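Shown next, in structure tokens, is the structure this report addresses.
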Amino acid sequence: MTKTTQVSDEAVKKSPSHKTLLIYVLLSIFFLVFAALSFKFELFPYPIVCALIALAISIVLFGILDSTAKVTIEESKIGKSVSLGGSIAGYFVIYKLLVGAQEPVPEQVRAEEVAQVSQFDLQFKAPTFSDVDNIDSERLSYSQTEPSSSYSDHPIVPVNIIAKWRKYLIVERKFDNEGLFKGILKRVVLDEYMGSLADVPTYNICMSKKEDKTFNTINLLCEVGHCLPTDGSEDHVNSCNNASVINQTNDRFSLFSKAYASAKHDLGWIAPSLKTLKERHQTEKITYMSFKVKSDALNLPETVDSYTYQIKVNGVPLYINGWQQHERTFQFDNSQPFELEFGLQNLDFSGVHDGEEKISLDINFIDSKSKLVSRTDQIERMLVALRRVNTENVSSNSAIYEWSGTQHFGKSDGVEVFIWSTPDINEMSRRKRFFDEENISFEDYRVMAVARPPLGSNTDYGLVVGLQDQYGRVSFTFDEVKADELMTWLNIQILPRKKRVDGTDFYHSLIKEPYKYVIKGY
């Protein structure tokens with residue numbers, strides 16, 4: 001046997017077995033998994049997690065060095081020393097690299113973050129609705145008023161459901177160093193209705209931080225009207241949810257919030273957000289209009305960085321998800337083009353302005369330095385329901401706005417049922433009034449005459465049948481089945497009907513012979 005063969009045989013004898021190497025690998029994997037779990041669930045501080053990872057890697061390194069040493073070094077003690085020394089050196093190198101990867105945070109910044117950042121678990125009892133079923137029993141919309149935040153009207157879904165209680169999570173909220181935290185929660189509105197703001201369940205969050213208290217989570221128990229700390233969070237924050245604080249006017253909105261406070265229980269349109277309308281159009285094929293209002297140059301002071309807005313439809317305020325104007329603030333970059341989007345359903349559109357509807361928009365631009373309204377732009381436009389929305393340019397103060405929109409048809413928008421037509425706009429208005437004064441009912445609906453202006457080459461004004469439901473909404477487009485039902489009812493019940501002209505013995509027909517019109521492009 002040659003010398004080369006002898007060395008090879010000895011190397012085979014000294015090299016570790018596959019079983020030994022497997023043990024090293026499994027042990028290393030164990031420490032890596034343990035380190036990952038520790039990091040995820042915050043079982044140990046970050047340096048200890050780094051130490052576990054370095055240990056796992058050094059174990060594998062020891063196995064590799066030990067294997068090499070047994071082959072190349074005769075003396076086993078020397079080989080062990082080399083392997084152990086190399087793995088220890090590797091451990092410290094890896095540990096330093098891992099710890100150094102975490103960028104050091106100055107103590108001042110770290111202390112400020114600890115003092116400000118808190119996460120909120122909001123848990124509350126879902127109310128029942130006896131008279132309004134157009135409100136989501138689970139989802140919420142949230143707006144933060146103090147400190148100022150762009151987190152406005154964001155829908156929140158429950159993360160846990162226990163009987164009639166829903167548990168919600170809003171992350172990465174911040175306290176001011178000194179001051180209050182204020183937020184408002186409202187139930188998400190699913191369908192528009194004419195009603196009171198009091199119909200929308202509202203939960204006020206108002207709290208102040210206790211001195212020298214740090215926390216990661218604040219738990220609140222919310223009932224209609226207010227939210228109170230619970231589950232140990234009362235040790236970290238004080239609740240300021242009482243009548244004097246809740247009704248206290250925020251300085252940011254001091255010029256206009258009082259005007260809205262008096263209208264708290266006034267009637268208006270309670271309407272879904274554009275996001276909800278889009279969702280329901282995809283799933284249920286509902287009818288709605290989407291609008292976009294934009295301006296390339298508002299010519300505002302540089303310190304203006306947020307805005308609020310209020311929509312009115314034919315002079316009636318519309319509250320998206322039940323929000324009043326002063327309850328939602330939207331931040332924007334004043335140096336970039338301005339853009340605002342919203343949606344509307346058909347509401348009670350019946351052509352009250354010679355066949356058209358008036359949509360108005362008040363936009364309050366807020367100065368972040370003075371915390372006051374810097375400027376209010378008031379714009380309005382006319383439109384014809386369920387027809388193409390033309391783009392219009394409207395101006396207010398020193399800004400020019402481009403107001404565009406899109407009509408999204410629903411599953412039942414195929415047919416209109418006409419009951420009168422005339423080229424005389426005054427006669428059309430008279431005939432509408434005559435018909436509406438009769439207070440006619442069909443099934444569970446009040447029947448109204450909806451004015452329709454001329455379309456295309458047709459110069460006649462028309463009146464079509466509109467059905468008003470219990471929520472004040474008017475529908476005047478139908479599928480074929482409902483249109484045929486209305487045609488039969490009109491011919492039998494309404495066509496022979498006469499109305500006496502006040503102060504005379506003259507009687508006139510309420511309607512002409514009805515006919516169906518299929519909407520083009522539907």
Side-chain angles (χ1 to χ4, degrees), residues 143-154 249-263 268-269 271 273-275 289-321 323-344 347 353-354 356-384 388-407:
S143 178
Q144 185 173 310
T145 58
E146 188 68 30
S148 178
S149 171
S150 60
Y151 205 105
S152 251
D153 200 20
H154 285 236
T249 306
N250 193 319
D251 289 339
R252 178 178 293 274
F253 312 107
S254 59
L255 291 185
F256 55 91
S257 59
K258 289 183 180 179
Y260 280 92
S262 63
W269 284 108
S273 67
L274 179 59
K275 176 180 174 61
M289 288 176 285
S290 60
F291 297 95
K292 182 180 293 185
V293 178
K294 60 182 182 179
S295 176
D296 292 332
L298 292 174
N299 301 314
L300 290 164
E302 293 182 358
T303 51
V304 173
D305 60 0
S306 58
Y307 69 94
T308 66
Y309 69 92
Q310 175 66 57
I311 305 168
K312 288 186 179 180
V313 181
N314 293 326
V316 179
L318 182 138
Y319 305 106
I320 296 177
N321 276 333
W323 292 108
Q324 298 180 76
Q325 183 174 2
H326 69 281
E327 292 177 323
R328 293 187 304 166
T329 305
F330 301 90
Q331 295 182 345
F332 75 105
D333 186 347
N334 194 1
S335 64
Q336 300 297 318
F338 174 82
E339 190 172 290
L340 166 63
E341 293 184 281
F342 63 93
L344 292 179
L347 306 179
H353 298 283
D354 296 333
E356 295 183 302
E357 321 296 334
K358 180 187 291 185
I359 313 298
S360 60
L361 191 61
D362 290 355
I363 310 173
N364 287 316
F365 293 102
I366 300 170
D367 189 315
S368 60
K369 288 187 175 180
S370 65
K371 296 185 178 180
L372 296 175
V373 176
S374 176
R375 194 179 80 197
T376 298
D377 286 358
Q378 297 177 320
I379 57 177
E380 65 180 35
R381 64 163 297 162
M382 307 299 293
L383 61 87
V384 180
R388 179 179 178 181
V389 182
N390 296 319
T391 299
E392 296 183 3
N393 289 328
V394 292
S395 62
S396 179
N397 295 314
S398 57
I400 298 176
Y401 293 90
E402 181 185 275
W403 192 333
S404 59
T406 304
Q407 174 68 57

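Worth saying up front: this structure is predicted, and the values here are computed from it rather than measured.
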Counting C-beta onward and ignoring hydrogens, is there a side-chain heavy-atom pair between [X] and [Y] closer than 4.5 Å?
X	Y	answer
N321	R328	no
L318	K312	no
T376	Y309	no
I311	W269	no
R375	I363	no
M382	E357	no
Q144	E146	no
V313	L344	yes

Which heavy atom of [X] sits nearest a heavy atom of [Y], and at what distance?
X	Y	result
D377	S396	CA-OG, 3.3 Å
I359	W403	O-CH2, 3.6 Å
W323	S143	CH2-CB, 3.5 Å
S306	F332	N-CE2, 3.5 Å
N299	S398	ND2-O, 2.9 Å
G268	Y319	CA-CE1, 4.1 Å

### Message
Using side chain to side chain donor-acceptor pair (under 3.5 Å), reason through D305 and Q331 one step at a time and then give a plain yes or no.
### Response
CA-CA 6 Å; D305 60 0; Q331 295 182 345; 5.8 Å; no
### Task
Apply side chain to side chain donor-acceptor pair (under 3.5 Å) to the pair Q325 and T308, showing each step before the final yes or no.
CA-CA 6 Å; Q325 183 174 2; T308 66; 3.0 Å; yes
## Note on the structure
Result for side-chain contact (heavy atoms from CB on, under 4.5 Å) between Y307 and one of T329, I366, L340, N364 points to L340
## Note on the structure
Tested for side-chain contact (heavy atoms from CB on, under 4.5 Å) against I379, the lone hit among N397, V293, I400 is V293
### Message
Test your reading of the model: is there a side-chain donor-acceptor pair from Q336 to the backbone of D333, 3.5 Å cut-off?
### Response
no
### Query
For the side chain of D367 and the backbone of L372, is there at least one donor-acceptor N/O pair under 3.5 Å apart?
no
### Query
Can you list the residues that meet the side chain to side chain donor-acceptor pair (under 3.5 Å) rule with E356, with sequence neighbours excluded?
none
### Query
Would you say the side chains of Q310 and D362 form a donor-acceptor pair under 3.5 Å?
no
### Intermediate values then yes/no, side-chain contact (heavy atoms from CB on, under 4.5 Å), N314 and H353
CA-CA 9 Å; N314 293 326; H353 298 283; 3.3 Å; yes
How many angstroms lie between atom [atom1] of [X] and atom [atom2] of [Y], to the nearest 0.5 angstrom?
X	Y	atom1	atom2	result
T391	R388	OG1	CZ	7.5 Å
S404	E341	OG	CD	8.5 Å
S290	F342	OG	CZ	9.5 Å

### Verdict with reasoning, F338 to F365, per ring pair (Phe, Tyr, Trp, His ring centres under 6.0 Å)
CA-CA 11 Å; F338 174 82; F365 293 102; 5.6 Å; yes
### Task
Report the C-alpha distance between K292 and E339 in whole Å, list the side-chain angles of each, state the deciding distance to 0.1 Å, and finish with yes or no for side-chain contact (heavy atoms from CB on, under 4.5 Å).
CA-CA 7 Å; K292 182 180 293 185; E339 190 172 290; 3.8 Å; yes
### Task
Scan for salt bridge (Lys or Arg N to Asp or Glu O under 4.0 Å) pairs involving residues 392-402, sequence neighbours excluded, and state none if there are none.
K294-E402, R381-E392
